[in-house]
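The next block holds one structure in the form of C-alpha cells; read it before the comments.
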Amino acid sequence: MAGPANHTELSAELSSRPGHNTWTSTVVRWLLITVSLVFLGALLAAPLAAVFSVALEKGWEAYFGAFADPDTRAAIRLTLITAAVVVPLNTLFGITAAWCIAKFEFKGKSFLITLIDLPLAVSPVVSGLIYVLLFGLNGWFGAWLQDHDISIVYALPGIILATMFVTFPYVARELIPLMQQLGNDEEEAAITLGAGGWLTFFRVTLPRIRWGLVYGVILCNARAMGEFGAVSVVSGNIRGLTTTMPLHIEILYNEYNFVGAFAVASMLSLLAVVTLIIKTLVERSGYRRR
Amino acid sequence: MSIALDQVTKRYQEQPVVNDVSIEIGEGEFFVLLGPSGSGKSTLLRAIAGLTGIDHGRISLHGRDVTHVRARDRGVGLVFQNYALFRHMTVADNIEFALRVRRMRAADRRARRKELLKLVALEGMDERLPGQLSGGQQQRVAVARALAHKPQVLLLDEPFGALDAKIREELRRTIRSVQRELGIATVLVTHDQEEAFALADTIGVMNHGRLLEVGNPNDLYTQPATRFVATFLGAANLLLARQSADGIRFGATPVNAEGPERVPAGREHEVVAVLRPEEVEIAGAREHLSSNYIAKGAVEEIVFTGALERLRVRLLDEPSAAMLLGPGGANDARLEVTRTQPERRDLPLQTGAQVALGARRLHVLPTPLSSFLACAPTEAAAAALANEPLLAQLSTNMKTRVVLRSIAQGPEVTGSPLPFTGVAAISAGPDAAKTVEWLLRNGANEVLVLPRNAPSPTRVFIHWTHEAARRATLAVSASLLRHVSAEAIYLGIVPEGPPGAGHAAPMRALLDARSEAQSSHGLEMRTELAIGETVSELTRTLSSGAAQMLVLGITDIEHAGTAYRSLLAAQPGWPVLLVYRSGEPQLRAEAAA
C-alpha cells in the first residue's frame, strides 16, 4: 500500500476523511450526557437521598425503633404476604398467556393482548374501585358475600385481588416478544424426538426464556410491593390490619411521625434499589449467555 | 413402501397450500421435494412429521397409517433449516435427548452418541455448546440428533439453506453417505435444483401446492412433461413449434423431434418444445452445423462463468423469432446458449457476431396448451379481449403470449395464409357458436369462449360428447388446471329413458375417465353424474354456482354452430374451452394399440 509519506501528510489525509472532525460532536455528546445526568440527579437521586437522610435524622436508634412498632411490622408482613401470593400467580398466568399468544393462532388473539395491557392503561384508583363496586357492601355480590360471611373488600383478599390486577401485565409483556422472537423450532424438534408437552416445556422452553422470566418477575414484584392507589381504595386503611407498607407510610406521615414514615419509606426504596441491582445482574448474565 | 401419501390436502384459510398430493417412497430411497418458495413443499414435510395436521388424505409410514398419530409417536427424524439445536445443552445432551426421553440407560446412550458422532465426523465435540460450533458442524449435530432414536424415516427441511457453498457441498456428501450407510428412507425439501440433482434418487417437483411431476433426475431433466418443470429444473428455451402429419417444424425448418399426439392429415397443432441452452449448436454458417438448423442469430451478450460460457442470442429471422417464448413476448425473444471451453476455443465469438443456430436435441412437451390467439372483428376488440382478467391470468401463469388477430368472417376461407395456432380466444355472445364453427373449420383445435370479466374459476367441469375426444380433453384440462387453482369435476351425462344399454357406456366412461386422468395426466378429479339432454344439463350445472368453467371435448364440427348456441350465449355466462379432435385417427390408433 502506498501510504502518505510523512506525519503532516498523514494528518491531512486523516482530516480529509469524512467523520474526522469529531470535536463538535464530542462536545455535543458530553453536553447531552451532562444534561440528562443533572436531570436524573434532581428528579431521582436527590429525593432518594432525602428519604434516607430524614429517616436517619434522629440517629440509628430512632430509625430501628420505628420498625419495633407493631403496626409497622403488620404492614411489612401484609406486604410480603401479598407479594408472595400475587407474584407466583401472575408468573403462572404470564407464562400461560405468553405461550398461547406466541405459539398459537386463534380468534381473539389481539383482543387478549389488549386485555393484558388494560391494567397499564387504567388508573390504579379505578382498578381498586372496580373491586369495591363488585364485592363492597353495596356492590353486586356484596349482599351474597355478607350472607356467607366472606369479606373481600377491606380485607386481605381484596388487597391481593387489586394487586394482582395491577401487576398482571408485567410477566406476560416481558415474555410475549421474547417467545415470538425465539420461534417454535426447538420445541418442534423436541416433539419429533419423542418429548411430551411438560418435558418440552421444562427442558427446552423454560431454559430459553428464563432470563426474560426472571426480569418480568422482578418488575412484577416491585410493583406488587409498591402499589398504592388500587390497594388504598380496597383496603379501607384499617391500621395494623389492612395497611400495606405504602399505605402505612402515608398514615405515619399524616401523623407527623416523620422518622417512622421515612424509615419505612427507606426500606421500600431499598427494596427498589436491590430489585434494580438484581435486574442489572440478570440482564448481564442474560446477554452473556446469548 | 416406507412413506405413502394418499391425496394429502392442507388448506390455510380455505386456500389449499398442499393440493391432492400422492407420493410413494420406497425403502432406502432418497426423495427430494423441489419447488419454489411458497409451493407447499415444507408444509408437506411438516405434515409427514406430524407437526402440521392435514385436512384430507392419508399418510402412512412403513405400512402403518399415521394420519392421526401425534408427532411425538411417529418416530421420524427431522432436521430444520436453522438447525434448531437446544442452545443451552451440550452436543452430547442434544444428541442424547431422544434417548433420555425413552429412558435409555446412560451407558447405552453414551455408546449410541459416540457412534453417531463418528457417523457425522464430529468425534470429541461432545462437551461443546452449539454456540461454539460453526454452522456446518451445528447441522451435523442436528443430523446426528435426528438419527439418535433410529427413526424409520429422515426428513430434512432445506438443511443447507444457511451455509456457504463449500460447506454445503461437504455436508451434502456427508448426508448422502450417512443415508446410504443406514439405508433409511429420506425426504429432503429444497428450492435448489443443483442440490436435488446431487442427492436425489427421485425428484418430485411442486408448484402452487400441487406435485407436478415425479421421476429420476435424468428423466425429469431430459423429458419434462410440463413447462414449469422444464424451466425450473435447469435453464430452458421454450419454443413454439408446429406439428402436422409430416412431423414437427420450427418456423420454416423441420426438426427432428417426437410430438405428443398424432395429428390427422390436413390439420396442424402448435406444440411447445424445450431447447436446453447446452443443446444449442453455434456455427459460423448454416453449412457448418452438424445438427438441425433452426435460425440465424446475433450474439447480444457473453458472460464468462468459468467452466461454461453463457450467451444470449437474438434471432434474426422474423418468423423464427416469433416462435420463441420470451418473458416479454416476441420483442424480447432471446435464445439462451451455453458453451463449454472446447466449443468456445473452436469458435471464439464477440458480441454482435452473426451466427447460425442449430438444435441438437429438442424435447416436445406433451402439453396441448401452447399460446393464445385473441380473435375479434377488429384489432381493438382483440386487444380488449386479451386484457380480459382470465386470459391475462392464464397467459401470465403459463409464461406464454397472446397474439391479436382481427377476423373478417367469410363463409369459408380458402388456403388461409395465417393459420390459427394455439388456443383461439373469442368473446361470448349470440354469435359465438357460429364463430366457433368457423374457427374449427379453418384449422383451430381449441377455442376459449370468454364472457366479459369472467372471474378465475374455482370449479372446472370437464365433459366430452364422444369418446374420441377423451384423451385430448383430459390433456387440455390437466394443462389448464396446472395454471389455475380450481377443483376439477368430470360431468358424466346419461340420456333420459329406461335403464339399459344406454346407461352402461356413460357409467363406464365416468370411471375410466377418473383413472385415466390420474394415471396419464396426474390430474385428480371428482366425478358427478347427471341425467338428461347434454346441452341443457351442462347449462343447468354451470348456472348452479359462481366462478365455474367448462372444458368441452367435441368431435363434430357440423352442428357446433347450432348445438352449443344457447350454451355460449347465456348471460352472464361462463368461460368454455372447446377442444376439437376429429374422431377417426384417434380411434384407429386406439384400435391398433
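Quick note on labels: first sequence line is chain A, next is B, and so on, each numbered from 1. The figures that follow rest on heavy atoms only: side chains count, while hydrogens, waters and symmetry mates do not.
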Any idea which heavy atoms bring [X] and [Y] closest together, and the distance?
| X | Y | value |
| --- | --- | --- |
| B:A84 | A:D185 | CB-CB, 3.6 Å |
| B:H88 | A:R203 | NE2-O, 2.9 Å |
| A:L199 | B:V101 | CD2-CG2, 3.4 Å |

Inspect the surroundings of [atom1] in [X] and state if more than 12 heavy atoms from other residues, nucleotides or ligands are less than 6.0 Å away.
| X | atom1 | value |
| --- | --- | --- |
| A:R173 | CZ | no |
| A:F104 | CZ | yes |
| B:R100 | CZ | yes |
| B:K150 | NZ | no |
| B:R110 | CZ | no |
| A:K103 | NZ | yes |
| A:F39 | CZ | no |

Rounded distance (nearest 0.5 Å) linking atom CG of A:L193 with atom CG of B:N94: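 It is 9.0 Å, given to the nearest 0.5 Å.
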Nearest 0.5 Å, what's the CZ-CD distance between B:F86 and A:E187?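 Answer rounded to 0.5 Å: 8.5 Å.
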Check each atom of B:R70 against the heavy atoms of chain A and say whether the ones under 4.5 Å are side chain, backbone, both or neither. neither
Could you tell me which portion of B:R87 (side chain, backbone, both or neither) has an atom closer than 4.5 angstrom to a non-hydrogen atom of chain A?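 Backbone plus side chain of B:R87, per the 4.5 Å heavy-atom cut-off to chain A.
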Examine whether an atom of A:I191 lies under 4.5 Å from a heavy atom of chain B, and if so say whether it belongs to the side chain, the backbone or both; otherwise answer neither. both
Quick check on the interface: out of B:V76, B:L85, B:D73, B:L99, who has the most heavy-atom pairs with chain A under 4.5 Å? B:L85
Side chains of A:E188 and B:F80 in contact at under 4.5 Å (non-hydrogen atoms):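 When only atoms from C-beta onward are counted, B:F80 and A:E188 do touch, with a gap below 4.5 Å.
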When you compare the side chain of A:T192 with that of B:R72, does any pair of heavy atoms fall below 4.5 Å? no
